[in-house]
Protein chains: 2
Amino acid sequence: MATEEYHEQRRAQIAEAVERLVAAGGLDGATVARTAAEAGVSVGLVQHYFASKDDMLRYAYTRVTARAMDRVDRRSREIEQHHGTIRQAVRDGLCERLPLDEDRRAHWRVSFAFAARAVDRPDLAAVRNETEAAIRARLAEGIGHGHECGEVPEDVDPQTSAVWLMAAVEGLGLHVCLGAVPAAAALETLERNVMAVFPGRCRQHD
Amino acid sequence: MATEEYHEQRRAQIAEAVERLVAAGGLDGATVARTAAEAGVSVGLVQHYFASKDDMLRYAYTRVTARAMDRVDRRSREIEQHHGTIRQAVRDGLCERLPLDEDRRAHWRVSFAFAARAVDRPDLAAVRNETEAAIRARLAEGIGHGHECGEVPEDVDPQTSAVWLMAAVEGLGLHVCLGAVPAAAALETLERNVMAVFPGRCRQHD
DNA sequence: CGGTTGACAATATGTCCATATTGAAACCAG
DNA sequence: CTGGTTTCAATATGGACATATTGTCAACCG
């Protein structure tokens, strides 16, 4: 039905306003009234599409996590199409999650603001964990393939390494955003440590 | 002067109340009124000791970071006194920062709640970065010593590794608190990766 | 011993917020 | 044309909050 699509657009419009406000001033900045104003609609319309503020935020968060997944997906597919190594795909996929430019920095801030609240809110944690688990599984899969083609030593456990890499990237992002670590240093650290997991050369490449 | 000491106690009393409230319900849970009630004092008294709510929170945060530093300090000093390896000191020092039991979990939640807000607030970021830099420097120093006594291979850069380890522990803590990674898995991952930095055996031990 | 000052309590003020309510268009069914 | 339903806007309500103001009481001091 076309009306359902229209509704979806409205919700997206509101969710985008939420993202902009969160990027600017954290989750506290996204009040219902301000969101309505930012989206150019009335408070009543927001209420019409979301039963409560929590609903609105949760919906916005699902969009944010979906975008994060898309970013990683697109990047690793690009590498695949250019016949790159798994190491390249992993490195670039993980780099995509670091706040290295203004665009990724904004996305990172939004994503992190939600993550911070998720510590106290199981429903938000569920939204996050689902996507995060998918990305981590993809990563572990990549490392497993690295075993087969010789990029990764056999004693590297895919699961454990995936957990470790995901956690480190998360922490690096925070440190960069807090100004505790320069972006360049974070990038270098990440590359060096991905290299540690993928020291070998793929047998199918020259 | 004894009165200054008295004042310090009052501030500590209030800061402790803030910590309890933040542990229970995030930074939003710590309103001035609730903090006063939790500390068993009046709102007026809180205002008397802190010029603003931000002041109060910043003070509480400095105490939290100081405790984090103390924990690491105490732990590594313990190892030192028992003539343990640097690897043991580093491992235990980093473990201390993971939310593995209720006590550390509470402390981690408080610390993280502040860190999340610090993303938008340079003054809180400064409080955090100072302590964090000190801990990271200590860690890098330990890795450097590992070079000398043979625990750490020469091609491991102390600075880069310290940044990486700190970031990974930060991320692991978040994943554990969100329920994305079981505490046991986080611990195993951490131990395995500390082992990767310190594969060698200290020449001064049997 | 009267007054000044520091340490607090109680209350007042005004802002901001989530949500409920009311109502008005537009659209559709009969 | 009519009555109902969907979709939205405007406003009302009530609570929570940070902070200012005022009041109180004791100690210290000249």
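All values derive from a computational prediction rather than experimental measurement. Just so we're on the same page: letters track the sequence lines, and every chain starts at 1.
- Using a 4.0 Å cut-off, no side-chain N or O of B/His7 falls inside it from OP1 or OP2 of C/dG6.
- In this structure, CD of A/Gln13 is placed 10 Å from P of D/dC8, rounded to the nearest angstrom.
- The backbone N or O of B/Gly93 sits nowhere less than 3.5 Å from a side-chain atom of B/Arg75 that would complete a donor-acceptor pair.
- One interatomic measurement links the two molecules: CG of A/Leu27 to C1' of C/dC17, which rounds to 15 Å at whole-angstrom precision.
- Shortest non-hydrogen contact noted between A/Glu78 and A/His82 is O-ND1, 2.8 Å.
- If B/Ser42 and A/Ala51 are placed on DNA chain C by their nearest nucleotide, the residue sitting closer to the 5' end is B/Ser42.
- Taking atom CG of A/Leu45 as the reference point, atom P of D/dA9 lies 5 Å away to the nearest angstrom.
- Comparing atom distances between the B/Ser52 side chain and each of D/dT19, C/dC8, D/dT7 picks out D/dT19 as nearest.
- For B/Gln47, the listed nucleotide lying nearest its side chain is D/dT19; candidates were C/dC8, C/dA7, D/dT19.
- Salt bridge annotation for B/Arg71-B/Asp103: present, with a cationic side-chain nitrogen under 4.0 angstrom from a carboxylate oxygen.
- The distance from atom CG of B/Leu57 to atom P of D/dA18 is 9 Å, rounded to the nearest whole Å.
- Checking C/dA18, D/dC8, C/dC17 against every side-chain atom of A/Arg34, the shortest atom distance belongs to C/dC17.
- Between the C1' atom of C/dA9 and the CZ atom of B/Arg10 lies a distance of 12 Å, rounded to the nearest Å.
- Nearest-nucleotide assignment on DNA chain D puts the 5′-proximal partner with A/His48, out of A/Val43 and A/His48.
- For B/Asp28 and D/dA18, the CG to C1' distance is 14 Å, given to the nearest whole Å.
- In this structure, of C/dT19, D/dC17, D/dT19, it is C/dT19 that holds the atom nearest to the side chain of A/Val32.
- The distance from atom CG of A/Asp55 to atom C1' of C/dA18 is 14 Å, rounded to the nearest whole Å.
- Tested against A/Arg34 for a side chain to side chain contact (heavy atoms under 4.5 Å, CB included), the candidates A/Val18, A/Val43, A/Leu21 yield a single pass: A/Leu21.
- Using a 4.0 Å heavy-atom distance criterion, A/Tyr49 is classed as a sugar-phosphate-only contact.
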side-chain hydrogen bond (donor to acceptor under 3.5 Å, both in side chains) evaluation trace for B/Arg91 with B/Gln88: CA-CA 5 Å; B/Arg91 196 227 305 139; B/Gln88 282 176 311; over 6 Å; no
